[in-house]
Amino acid sequence: MTPGPGAVSGEVPGEGPGAPAPELLARARLLVAPGLSASLVRELERITGRGAEPLADGVTAGGRLLTADGPLLCVGAVLPDALRTERLLWFHSVNAGTDPLLAAGPWPAGALLTRTVGRMGERIAQYVLGWVLAECQAVPEYVAQHARAEWRRLPTELVAGQTALVYGTGRIGRAVAGLLRSCGVRTVGVGRTARTGAAPAGFDRVIGAGAEPGAGVKAGLGVEAGAEAGAEAEELAGARWVVAALPLTGATEGFFGAGRFAAMRGATFVNVGRGATVDPVALEGALRGGGVRRAVLDVLPEEPAASGDPVWRLPRTVITSHSAGITADEDVAQDFAACWEAVAAGRRPELTVDTGRGY
């Protein structure tokens, strides 16, 4: 079968499309989401050396996309259904999380998907550290005391020597772990499988995700019998903070359930990954039972949460409206430029999303 206009120069085993063929990239039309700023669009035009057309649901200012020739290069947050065809050469997401893109429909075969990370890891790491320090210095309690006009000295604690368990060992997880470790926190990463040899930068140790106690083995997590499940349960019991920085995939949906929360012994749970990785009923039970000391939730299963959503009534919980890692224009421009340089050289960009795994 002859490859369509979106054919790439090669598949990376187990990782999907490689770089688009140079001759296709040279002919690709640049389509940009209407919400992008004028300055960002100008920068995208400068990088690609071509004019941009506004991306709508199958329509541009010059006419319907499907009636014009040529492969398509799109930059935005949403891919219209009309463009989920073999003509799509490359889609660059202005967001780090691409699960909504992949959940919206089948991804076009051969189309490259890249994402924006920028300084998100740095921003999220500072967000996590801010809450860690605030908790250790009893800031929430002092704020409450101030509202009551009450003078009372409260006990505080040092972060050094305590343990943070960070789920997700990619760019964001490594950034979080590195900043916490610089303050003397022992950092343990949890990945799909345990790491042999030296731990990645920022971590004191990396273990594999075991089967959730009482829930059986979750498909796709790379679980090995016995040892990994035991190591994870032990670290959960000893952790002062549990930080969730997981993408949303079939394997991670509902990942933090009753079993994992039951294994915690007073840890504070911080979610900067995806809301649907957490079972909210299980989290509420752990908060009310005391296994989870406090919850800081930047993300929720349903966003924005309605005023009547039970999540607003969770005890000892703060919700921060998906603001920990806001993407700036300079992040999009920087990461797109890096991907463009790699693609133009025939290389697979580092920010390529494995559409099979979902991250």
Side-chain angles (χ1 to χ4, degrees), residues 124-141 157 159 162-169 172-173 175-177 179-180 183 185-191 203 207 209-210 212-215 218 231-248 252-303 305 309-325:
I124 292 179
Q126 291 184 11
Y127 169 97
V128 172
L129 178 61
W131 283 104
V132 164
L133 294 175
E135 186 176 47
C136 285
Q137 293 303 312
V139 171
E141 290 78 11
E157 57 184 310
V159 300
Q162 304 203 64
T163 295
L165 196 59
V166 180
Y167 282 81
T169 56
I172 292 173
V176 170
L179 190 57
L180 292 178
C183 295
V185 177
R186 174 178 174 264
T187 55
V188 179
V190 185
F203 293 102
I207 61 175
E212 185 175 32
K218 273 186 171 292
E232 184 187 6
E234 181 180 349
E235 293 291 357
L236 280 168
R240 177 62 180 81
W241 300 280
V242 174
V243 181
L246 294 175
L248 180 61
T252 63
E253 186 172 3
F255 183 85
F256 292 98
R260 282 191 169 83
F261 286 126
M264 299 180 195
R265 301 289 183 268
T268 290
F269 180 71
V270 183
N271 191 4
V272 292
R274 280 291 183 259
T277 63
V278 178
D279 178 346
V281 174
L283 174 59
E284 180 177 8
L287 283 162
R288 298 195 184 282
V292 173
R293 180 181 314 207
R294 178 179 277 113
V296 179
L297 307 177
D298 188 54
V299 289
L300 299 173
E302 297 291 335
E303 298 179 3
D309 193 313
V311 74
W312 296 113
R313 299 191 293 275
L314 290 174
R316 303 183 309 284
T317 297
V318 177
I319 296 168
T320 59
S321 308
H322 209 145
S323 63

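It should be emphasised that the depicted structure is a prediction, and the values quoted were computed from it without experimental measurement.
Classified by interplanar angle (parallel below 30°, tilted 30° to 60°, perpendicular above 60°), the ring pair Tyr167/Phe256 is perpendicular.
Between Val243 and Leu165 the shortest side-chain heavy-atom distance does not fall below 4.5 Å. Asn271 has its side chain out of reach of Asp298: every pair of non-hydrogen atoms, C-beta onward, lies at least 4.5 Å apart. Using a 4.5 Å cut-off on side-chain heavy atoms (C-beta onward), Thr320 and Tyr127 make contact. Side-chain contact between Val190 and Val166: absent, with no pair of heavy atoms (C-beta onward) separated by less than 4.5 Å. Residues Leu236 and Val242 have side chains in contact (heavy-atom distance under 4.5 Å, counting atoms from C-beta outward). Between Pro301 and Val278, the closest side-chain pair of non-hydrogen atoms is not below 4.5 Å. Between Arg293 and Met264 the shortest side-chain heavy-atom distance does not fall below 4.5 Å. For the pair Leu283/Asp279, no side-chain contact is recorded, criterion being any heavy-atom separation below 4.5 Å from C-beta on.
From Ile319, atom CD1 reaches atom CD of Glu303 across 10.0 Å, with rounding to the nearest 0.5 Å. Atom NE2 of His322 and atom CG of Leu297 lie 12.5 Å apart (nearest 0.5 Å). Atom CD1 of Ile124 and atom CG of Leu179 lie 12.5 Å apart (nearest 0.5 Å). In this structure, OG1 on Thr169 lies 11.0 Å from CD1 on Ile207, to the nearest 0.5 angstrom. Here the OG1-CH2 distance, from Thr187 to Trp241, works out to 12.0 Å after rounding to the nearest 0.5 Å. For the atom pair OG1 (Thr317) and CD (Glu284), the distance works out to 9.0 Å, reported to the nearest 0.5 Å.
In this structure, the side chain of Ser323 does not engage the main chain of Ser321 through any donor-acceptor pair within 3.5 Å. With Arg186 contributing its side chain and Thr163 its backbone, the two residues share no donor-acceptor pair below 3.5 Å. In this structure, Thr277 contributes its side chain and Glu253 its backbone to no donor-acceptor pair below 3.5 Å. A donor-acceptor pair is defined here as one N or O able to donate and one able to accept, closer than 3.5 Å; such a pair exists between the side chain of Arg265 and the backbone of Ala262.
Closest approach of Gln162 and Val185 over heavy atoms only: O-CG1, 3.3 Å. Of all heavy-atom pairs spanning Ala175 and Ala125, the tightest one is O-CB, 3.4 Å. Scanning all heavy atoms of the two residues, the minimum distance from Cys136 to Val159 falls at SG-CG1, 3.5 Å. Annotation for Ile172 and Ala245: closest pair CG2-CB, 4.3 Å, computed over non-hydrogen atoms. In terms of heavy-atom proximity, Ala305 sits nearest to Val311 at CB-CG1, 4.1 Å. Minimum interatomic distance between Ala282 and Gly257 (heavy atoms only, all atoms of both residues): CB-C, 3.6 Å.
For the pair Arg294 and Phe269, the cation-pi test (distance below 6.0 Å, angle within 45°) is failed.
Salt-bridge annotation for Glu157 and Arg240: present, with a side-chain N of the basic residue lying under 4.0 Å from a carboxylate O of the acidic one.
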